[in-house]
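Take a look at the structure below.
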Amino acid sequence: LSGLEAIIKKRKNNPADGSYTSDLFKKGINKIAQKVGEEAVEVVIEAKDNNKELFLNESADLLFHYLILLQAKGYELKDVIEVLQKRRK
C-alpha cells in the first residue's frame with residue numbers, strides 16, 4: 001500500500017499525461033469523492049453475492065480511490081492508522 005500511495009502522491013504533485021490518477025486530481029475533490037462513493041456502493045453490491053473475484057476487484061477499486069481521496073485532502077494512510085491506534089487505547 002505504501003508503494004501505491006507513493007505513486008498516487010507523485011501523480012498529484014507531478015501530473016502525467018494519460019494518467020487516470022492525474023486526471024482525477026485535475027477534476028477535483030468532488031469527482032474524487034464521487035468515485036469513492038461509487039466504489040463503496042459496488043463493494044456492498046458484490047458483498048451480497050458469492051463472486052470472490054468481483055468482490056475483491058471492487059474492494060481494490062475502493063481502496064485505490066480512497067487513497068486518492070486522502071491525498072487530495074492532504075492526508076496519508078498513516079494518519080488514518082494513527083486514529084485507529086488511538087481508538088484501541
Side-chain angles (χ1 to χ4, degrees):
L1 284 177
S2 61
L4 178 58
E5 193 170 45
I7 292 169
I8 290 168
K9 188 174 189 174
K10 181 179 177 183
R11 293 289 186 257
K12 177 185 176 190
N13 295 329
N14 302 299
D17 289 337
S19 165
Y20 172 78
T21 304
S22 294
D23 189 47
L24 268 181
F25 281 119
K26 287 178 194 172
K27 290 180 180 179
I29 192 73
N30 288 342
K31 182 63 176 178
I32 295 167
Q34 177 186 347
K35 285 300 296 180
V36 171
E38 289 171 7
E39 298 302 340
V41 168
E42 291 172 5
V43 167
V44 170
I45 290 168
E46 294 306 330
K48 297 174 72 178
D49 295 331
N50 290 321
N51 187 321
K52 176 183 174 181
E53 183 177 350
L54 287 176
F55 175 72
L56 292 177
N57 275 295
E58 294 302 340
S59 296
D61 288 347
L62 175 59
L63 185 55
F64 173 70
H65 287 90
Y66 178 63
L67 291 173
I68 294 172
L69 181 61
L70 284 174
Q71 284 290 320
K73 296 291 291 175
Y75 301 107
E76 296 182 2
L77 191 55
K78 67 179 175 91
D79 299 312
V80 177
I81 291 169
E82 287 175 10
V83 171
L84 292 172
Q85 289 172 335
K86 288 178 185 174
R87 289 181 181 180
R88 284 187 59 197
K89 296 179 181 182

- [ ] Indicate yes or no: at least one non-hydrogen side-chain atom of Leu1 is less than 4.5 angstrom from one of Leu77.
- [x] yes
- [ ] For residues Leu70 and Val80, determine if any side-chain heavy atom of one lies less than 4.5 Å from a side-chain heavy atom of the other.
- [x] yes
Task: Neighbour count >12 (heavy atoms, 6.0 Å) for atom CG, Asn50 - done: no
- [ ] To the nearest 0.5 Å, tell me how far Leu63 CG sits from Glu5 CD.
- [x] 9.5 Å
Open item on the list: Measuring from atom CG of Asn51 to atom CG of Leu56, what distance do you get when rounded to the nearest 0.5 angstrom?
Closed with: 9.0 Å
Task: Gap between atom CD1 of Ile68 and atom NZ of Lys35 - 0.5 Å precision - done: 9.5 Å
Task: Nearest-0.5 Å distance that lies between atom CG in Leu24 and atom CD1 in Ile8 - done: 10.0 Å
Task: Electrostatic pair Lys9:Glu76 at N-O distance under 4.0 angstrom - done: yes
- [ ] Identify the two heavy atoms, one from Ser22 and one from Pro15, that lie closest to each other, and give their separation to 0.1 Å.
- [x] OG-CA, 3.4 Å
Open item on the list: Which heavy atom of Glu46 sits nearest to which heavy atom of Phe55, and what is that distance?
Closed with: CB-CA, 3.8 Å
Open item on the list: Which residues end up grouped with Leu54 if you chain together Ile, Leu, Val, Met, Phe, Trp and Tyr wherever their side-chain heavy atoms are less than 4.5 Å apart?
Closed with: none
Open item on the list: What I'd like to find out is whether the side chain of Phe64 reaches to under 4.5 Å of the side chain of Leu4, using heavy atoms alone.
Closed with: yes
- [ ] Check the surroundings of atom NZ in Lys12: do more than 12 heavy atoms from other residues, nucleotides or ligands lie under 6.0 Å from it?
- [x] yes
Task: Any residue meeting side chain to side chain contact (heavy atoms under 4.5 Å, CB included) with Glu42, in chain and number order, not counting sequence neighbours - done: Glu39, Glu58
Task: More than 12 heavy atoms from other groups under 6.0 Å of NZ on Lys26 - done: yes
Task: Atom pair NZ (Lys10) and OG1 (Thr21), whose distance is rounded to the nearest 0.5 Å - done: 12.0 Å
- [ ] Output, in order, the C-alpha distance, side-chain angles, deciding distance and verdict of side chain to side chain contact (heavy atoms under 4.5 Å, CB included) for Val83 and Arg87.
- [x] CA-CA 6 Å; Val83 171; Arg87 289 181 181 180; 3.8 Å; yes
Open item on the list: My understanding is that only residues two or more places apart in sequence, or in another chain, count here; which of them pass side chain to side chain contact (heavy atoms under 4.5 Å, CB included) with Ile29?
Closed with: Leu69, Ala72, Lys73
TODO: Mind checking the NE2-CD spacing from His65 to Glu38? Nearest 0.5 Å is all I need.
DONE: 8.5 Å
